[in-house]
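Counting starts at 1 for both ligands and their atoms, in listed order. Being a predicted model, the structure only gives us computed values, none of them experimental.
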Amino acid sequence: MPVINRRRFLTTTALGVAASGVQAAPAVRRGGSKPTVVASGNGLTSRNDQGISCVELAFERITRGDDVLDALIAGVNIVELDPEDTSVGFGGLPDADGVVTLDSCCMHGPKRRAGGVACLKGVRTPSLVARSVADNTDHHLLVDEGAQRFARNMGFTIEDDLNTPRSRELWLDWKRRTDAHHYPDPASRADAGFKAGLDMVAEGLIDPEHYYGTINCNGVNGAGDVCGVTTTSGLAWKIPGRVGDSPILGAGLYVDNDVGAAGSTGRGEANLYSLASFLIVEFMRQGMGPKDAGMRALERIASYTIDPRLLDEQGRPAFNVSFYVLTRTGDHAGVAFYGGEGRAFAVCDENGPRHEPFEAYYG
Ligand code: GLY
């Protein structure tokens, strides 16, 4: 195995950074930040028993002086536990075999620590298990049975099945549409599975924002401490074992306490090719504002989308990807390929909780 000494490491990483168009110098500023929480739209839809949403609870706890990541995770727990949200946690849409599997990761800016779980079954709140990975292990990502065993050892309740009557009913509907008997050829069966899912979105059975699921939630306190968390049941009806962008650092989430945070919802496979959350944070480090940084990342994803099956008649991506971007001073943006009616992201700051429209790359 080649030995990399520190000098060579610094040289090679500097070259790699230069080649990727990102700069290494952090734009460090401390204090004077405006406490702010941004999240995907479901961060202001699901509510707990007291009628409080994710972004409201996270903001309230941040301004009370709680640890920012604790506050954000308490917020997304509301969405994970909401049986009506079919994109996250309990009641998330299952895989092709009818099994709900969950992915999550979190990053603690000040501590520069992160943790993640993927393909976790039986725990309603994967974000708490991700946090536990960060706090109690030397690792970042635990998957499938290992993640579940770890969760059990940490005292989490493991359930046999996280389906709700609603998610089970939708899965059965999909199953009927894609009966393998009628599609013996694997390629056409895969196409049929994809098309059946899109048909269910078009028929209003599945919220378009829930087909790829997910909540991302990022926050900053008055001291400029930035954290983030992303949690999802992933793509509806996925091949068992499929993991998207959500638990992968740099893709579903990236936080740099010197700069800010970005996280995603939407087609994870597209985001993974660009590690766009990392890219957005790096663009902001170079001095771009959150909106411009997000738009540049969407431009990158669009330029990498060349497979005809993923393009619409106008040659544009036939799917949506959205990013929730926050600077360490509290500036924010929500950017997406497609915005418009019914597509908004959630914000809570000194002006209260609200939905704001996305900045849409395609107008
Ligand atoms: N962005 C969520 C997923 O693709 O799994």
Side-chain angles (χ1 to χ4, degrees), residues 38-43 76 79-80 85-89 91-97 99-107 116-121 126-127 130 141 143-144 147 162 167 171 174 190 193-194 197-198 201 206-218 228-254 261-280 294 297-298 300-301 304-305 307 310 317-325 334-338 343 345-346 358:
V38 291
S40 39
N42 44 359
V76 299
V79 188
E80 290 174 322
D85 190 305
T86 54
S87 74
V88 177
L93 294 176
D95 67 15
D97 289 344
V99 179
V100 179
T101 66
L102 305 175
D103 308 328
S104 179
C105 77
C106 62
M107 277 189 99
V117 288
C119 210
L120 173 65
K121 303 181 191 88
S127 61
L141 186 60
V143 307
D144 203 3
L162 294 184
S167 64
W171 176 75
W174 178 81
F194 187 60
L198 294 183
V201 172
I206 303 173
D207 183 329
E209 299 301 322
H210 286 191
Y211 191 51
Y212 283 97
T214 316
I215 178 168
N216 162 247
C217 185
N218 307 314
V229 57
T230 301
T231 176
T232 189
S233 51
L235 171 66
W237 332 133
K238 61 199 169 192
I239 292 176
R242 179 266 188 192
V243 172
D245 56 337
S246 299
I248 307 299
L249 289 183
L253 174 71
Y254 198 73
S264 69
T265 60
R267 183 179 157 79
E269 283 74 5
N271 180 16
L272 280 162
Y273 291 138
S274 307
L275 294 179
S277 290
F278 175 76
L279 200 57
I280 289 169
L298 289 170
R300 179 78 59 91
I301 295 174
Y304 284 4
T305 305
D307 189 336
L310 296 173
F319 53 83
N320 211 359
V321 179
S322 309
F323 292 96
Y324 313 91
V325 190
V335 301
F337 276 142
Y338 305 102
R343 290 203 168 120
F345 67 102
F358 280 108

(request) Please name the residue in the list T265, N216, N218 that meets the side-chain hydrogen bond (donor to acceptor under 3.5 Å, both in side chains) test with Y324. (result) T265
(request) Give the atoms of ligand 1, by number and element, whose distance to some non-hydrogen atom of D245 is under 4.0 Å. (result) 1 (N), 2 (C), 3 (C), 4 (O)
(request) Return yes if some donor-acceptor pair links the side-chain N/O of D103 with the main-chain N/O of T232 below 3.5 Å, else return no. (result) no
(message) I'd like to check which ligand 1 atoms, numbered from 1 as shown, lie under 4.0 Å from a non-hydrogen atom of T214.
(response) 1 (N), 2 (C)
(request) Apply the test salt bridge (Lys or Arg N to Asp or Glu O under 4.0 Å) to residues E269 and R242: give CA-CA distance (whole Å), side-chain angles for both, the deciding distance (0.1 Å), then the verdict. (result) CA-CA 10 Å; E269 283 74 5; R242 179 266 188 192; 2.8 Å; yes
(message) For a salt bridge (Lys or Arg N to Asp or Glu O under 4.0 Å) check, start with the C-alpha distance between R267 and D245, then their side-chain angles and the critical distance, and finish with the verdict.
(response) CA-CA 8 Å; R267 183 179 157 79; D245 56 337; over 6 Å; no
(message) Below 4.0 Å, non-hydrogen atoms only: which portion of K238 touches ligand 1? Side chain, backbone, both or neither.
(response) neither
(message) Could you identify the single nearest non-hydrogen protein atom to atom 5 (O) of ligand 1 and state the distance to 0.1 Å?
(response) R242 NH1, 2.7 Å
(message) Show the atoms of ligand 1 that are less than 4.0 angstrom away from any heavy atom in G268.
(response) 4 (O)
(message) Show the atoms of ligand 1 that are less than 4.0 angstrom away from any heavy atom in G266.
(response) 1 (N), 2 (C), 3 (C), 4 (O)
(request) Can you spot which of C105, C217, S104 makes a side chain to side chain contact (heavy atoms under 4.5 Å, CB included) with S127? (result) S104
(request) Please list, chain by chain and in numerical order, all residues satisfying ring-ring contact (aromatic ring centres under 6.0 Å, His included) with F345, sequence neighbours excluded. (result) F358
(message) Does the residue S246 have a heavy-atom contact with ligand 1, meaning some pair of atoms that are separated by less than 4.0 Å?
(response) yes
